[in-house]
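Computed from heavy atoms alone, side chains included, the values below leave out hydrogens, waters and symmetry copies.
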Amino acid sequence: MAGQSRKWMILVATTWVQAFTGTNFDFSSYSATLKSVLGISQVQLNYLSVASDMGKAFGWCCGVSLMYLPLWVVMIMAAFLGLFGYGVQWLVIKQVITLPYFLVFLLCLVSGCSICWFNTVCFVLCIRNFPTNRALALSLTISFNGVSAAIYTLIANAINPDDDTLYLFLNALVPLLASSLALIPILRQAPLQLLSTDAINRDSFIFIILNVLAVITGLYLLLLNSLSSEALRARILLVGALILLLLPLCLPGIVCGRNWARRNIHTSFCLDGSTFSLFDPDDLELHKELIGSDQNNSLSVDSFCVTNTEGFIGKVMEKGRLTMLGEEHTARLLARRLDFWLYYVAYFCGGTIGLVYSNNLGQIAQSRGYYSQISTVVTLYSSFSFFGRLLSAAPDFLRDKVYFARSGWLAVALVPTPVAFFLLAASGSEAALLAGTGLIGLSSGFVFSAAVSITSELFGPNSASVNHNILITNIPIGSLLYGLLAALVYDSNVKSSIQENLLEEAMVCMGRECYLQTFICWGCISLLGLISSFLLFLRTRPAYDHYKRNRSRAQFS
């Protein structure tokens with residue numbers, strides 16, 4: 001039973017790490033100050049955000065390191081990468097030292113590497129400790145990465161609400177402290193145990209409790225963060241947020257207490273007869289086979305026949321489509337899959353464009369005259385990204401009532417993005433800015449969290465670490481292209497004015513036209529991503545239906 005308690009402690013530690021290491025979400029909170037101190041243009045500022053996202057292209061380095069080094073060593077390495085990258089940037093923005101632009105670019109790259117390494121460590125912890133409930137553990141922990149900006153805003157306001165440079169200092173120090181605390185349960189990690197049906201039922205019950213606590217935490221940060229403009233109130237709210245993050249520590253006690261009650265308390269309630277479960281026993285066997293190190297122990301399925309469809313479109317839809325879920329794909333095979341490229345485009349034009357939008361939130365709010373509300377807008381995006389990530393667990397909670405392909409959920413999740421961009425292009429009001437930001441955060445958050453499970457289901461769980469790093473190469477590419485488009489439009493609309501003369505070091509664009517063309521272009525691009533995700537759903541739906549039929553057949557046999 002101690003092993004079961006320890007795995008929940010590891011899950012709680014993973015949520016802490018995710019909650020305090022999403023440092024790329026608060027870039028907009030200090031980007032305007034960084035731009036002014038360095039005296040750079042919007043295009044050059046965009047390259048700095050691209051450098052941070054380029055760190056994700058080196059995620060494979062973390063995977064290789066985990067093959068030779070203990071997991072806790074890799075996590076500490078990630079913390080020190082962030083300490084160096086953000087710490088030296090803080091010295092630059094405080095004008096303690098002066099560095100050329102190229103070195104600042106490299107510092108942003110190092111900082112981005114630390115974020116990717118933290119994420120990879122958290123993914124591995126979830127997969128190792130929750131092989132059966134892998135999707136639930138991933139969606140829950142990844143969701144907390146979305147509240148980082150809200151938490152950092154509370155901490156910064158609790159120290160000094162008027163100092164935007166604090167974010168870089170916190171980005172350097174807080175992840176190191178959080179990962180140091182997480183070391184305790186990670187070092188005491190228990191060996192993996194095979195779970196009985198009763199144990200799966202118990203885990204499902206605890207995951208529901210954790211998701212309820214997560215929703216409460218997200219609502220707390222979303223609704224009360226706007227009250228943190230004063231230091232005293234920010235400190236009170238920060239204490240409340242930390243208490244909510246500490247509440248899951250009671251889980252080991254719940255696990256042990258519930259087990260003790262099963263053995264010693266006899267009441268009219270038959271605890272052992274509970275049939276509530278998010279996963280069936282045959283699903284457990286499926287995960288045992290797919291996650292096992294022996295790739296030959298794969299799921300045995302019946303031959304799958306696809307009904308031929310006449311016409312050119314039908315042939316395109318049928319050719320080379322996936323026939324079953326969980327089939328392992330090497331990188332070479334992945335590159336030849338049309339399904340993968342549809343998935344790549346959907347992520348590239350959906351989730352990635354939402355991330356680029358968040359990187360530009362500081363300048364977007366400033367150009368529309370809401371400079372004093374930048375932290376509020378950043379917190380709004382962060383909070384809705386959190387709820388989007390949390391919603392990515394919906395397919396697992398609803399699978400027994402509404403079985404819908406996860407690729408279909410992806411298509412539904414991408415609908416709000418083009419709606420939001422066209423809303424932002426049509427209106428320059430504060431309400432439109434807040435509504436659009438919330439919709440984009442919700443959509444991109446779902447994509448970021450669901451992508452790990454989708455990659456595992458479509459292209460094999462054993463190859464997921466490599467294949468997912470191939471997928472997210474679209475993030476630095478999108479960050480460069482979409483950000484460059486926004487920066488060029490921004491700089492072209494900078495007008496000679498009194499304000500520009502006062503800010504000779506960094507040109508500032510004011511007015512709706514600064515991002516109008518950008519929003520229209522981004523809206524059209526996100527429509528392309530929506531179409532691509534819909535085509536992916538149509539092509540993969542037979543594989544999901546086939547899996548559902550086999551699952552039902554095993555259940556009733």
Side-chain angles (χ1 to χ4, degrees), residues 25 27-29 31-32 42 45-46 49 146 149-150 153 222-223 225-226 229 349-388 391 412-447 478 481-495 497 499-500 507-531:
F25 284 104
F27 177 78
S28 294
S29 298
S31 59
Q42 186 66 21
L45 181 66
N46 171 70
S49 67
T153 298
L222 173 63
L223 300 177
N225 210 290
S226 59
S229 56
C349 299
T352 298
I353 206 168
L355 179 62
V356 177
Y357 173 80
S358 72
N359 289 339
N360 283 268
L361 264 179
Q363 279 64 48
I364 292 171
Q366 183 185 41
S367 67
R368 297 198 171 196
Y370 307 122
Y371 183 79
S372 61
Q373 300 186 38
I374 289 178
S375 62
T376 301
V377 178
V378 171
T379 299
L380 182 71
Y381 177 89
S382 174
S383 299
F384 272 86
S385 175
F386 165 78
F387 287 116
L391 283 172
V412 173
L414 288 177
V415 172
T417 303
V419 174
F421 282 128
F422 291 132
L423 174 64
L424 288 167
S427 174
S429 66
E430 181 181 357
L433 176 63
L434 297 178
T437 299
L439 288 173
I440 295 170
L442 189 72
S443 178
S444 59
F446 189 103
V447 174
L481 297 179
Y482 302 147
L484 184 60
L485 168 65
L488 291 173
V489 173
Y490 182 96
D491 284 344
S492 67
N493 283 288
V494 174
K495 299 177 180 179
S497 61
Q499 185 174 8
E500 181 185 340
M507 297 181 293
V508 176
C509 179
M510 299 298 295
R512 282 185 58 197
E513 68 276 3
C514 300
Y515 281 93
L516 179 60
Q517 292 176 304
T518 300
F519 288 147
I520 294 174
C521 291
W522 283 356
C524 295
I525 293 171
S526 59
L527 276 177
L528 175 61
L530 177 59
I531 294 171

Check [X] against [Y] and note the closest heavy-atom contact, atom names and distance.
X: P416; Y: A413; value: CD-O, 3.1 Å
X: A486; Y: T518; value: CA-OG1, 3.5 Å
X: L424; Y: A432; value: CD2-O, 3.5 Å
X: S444; Y: Y381; value: OG-OH, 3.0 Å
X: E513; Y: M510; value: OE2-O, 3.2 Å

| request: Compare all side-chain heavy atoms of L391 with those of L442 and state whether any distance is below 4.5 angstrom. | output: yes

| request: Please examine the side chains of F421 and I525, heavy atoms only from C-beta on, and report whether any two atoms are closer than 4.5 Å. | output: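 Of all side-chain heavy-atom pairs linking F421 with I525, none is under 4.5 Å.
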
| query | What side chain to side chain donor-acceptor pair (under 3.5 Å) pairs are there with at least one residue in residues 417-428, not counting sequence neighbours? | reply |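 Matches after skipping sequence neighbours: T417-S443, S427-S429.
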
Donor-acceptor contacts, no H, no angles, side chain residues 433-441, under 3.5 Å, sequence neighbours left out:
residue: T437; atom: OG1; partner: Y357; partner atom: OH; Å: 2.7
residue: T437; atom: OG1; partner: L433; partner atom: O; Å: 2.7

| field | Results of side-chain hydrogen bond (donor to acceptor under 3.5 Å, both in side chains) for N46 - residues two or more places apart only | value | none

| request: Using the test side-chain hydrogen bond (donor to acceptor under 3.5 Å, both in side chains), find all partners of S358 that sit at least two apart in sequence or belong to another chain. | output: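 Expected list: none.
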
Calculate, to the nearest 0.5 Å, the distance between atoms [atom1] and [atom2] belonging to [X] and [Y] respectively.
X: N360; Y: Q366; atom1: CG; atom2: CD; answer: 12.0 Å
X: F422; Y: S526; atom1: CZ; atom2: OG; answer: 6.0 Å
X: F27; Y: L45; atom1: CZ; atom2: CG; answer: 4.5 Å
X: I531; Y: L414; atom1: CD1; atom2: CG; answer: 11.5 Å
X: S31; Y: Q42; atom1: OG; atom2: CD; answer: 7.5 Å
X: R368; Y: Y515; atom1: CZ; atom2: OH; answer: 10.5 Å

| said: Test of understanding: with ring pair (Phe, Tyr, Trp, His ring centres under 6.0 Å), list the residues that count as partners of F446, not counting sequence neighbours. | reply: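 Not a single residue meets the ring pair (Phe, Tyr, Trp, His ring centres under 6.0 Å) criterion with F446.
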
| task | Just do the side-chain contact (heavy atoms from CB on, under 4.5 Å) check on V489 and F519 with the steps written out, would you? | result | CA-CA 10 Å; V489 173; F519 288 147; over 6 Å; no

| Which residues pass the side-chain contact (heavy atoms from CB on, under 4.5 Å) test with S383, sequence neighbours left out? | A150, L222, T379

Does any N or O in the side chain of [X] come within less than 3.5 Å of the main-chain N or O of [Y], such that one atom is a donor and the other an acceptor?
X: R512; Y: A425; value: yes
X: T153; Y: A149; value: yes
X: Y490; Y: C509; value: yes

| Quick one: disulfide (SG to SG under 2.5 Å) partners of C349, sequence neighbours excluded? | none

| task | Please report the C-alpha distance between T376 and L380 in whole Å, then the side-chain angles of each, then the deciding distance to 0.1 Å, and finally whether the side-chain contact (heavy atoms from CB on, under 4.5 Å) criterion is met. | result | CA-CA 6 Å; T376 301; L380 182 71; 5.7 Å; no

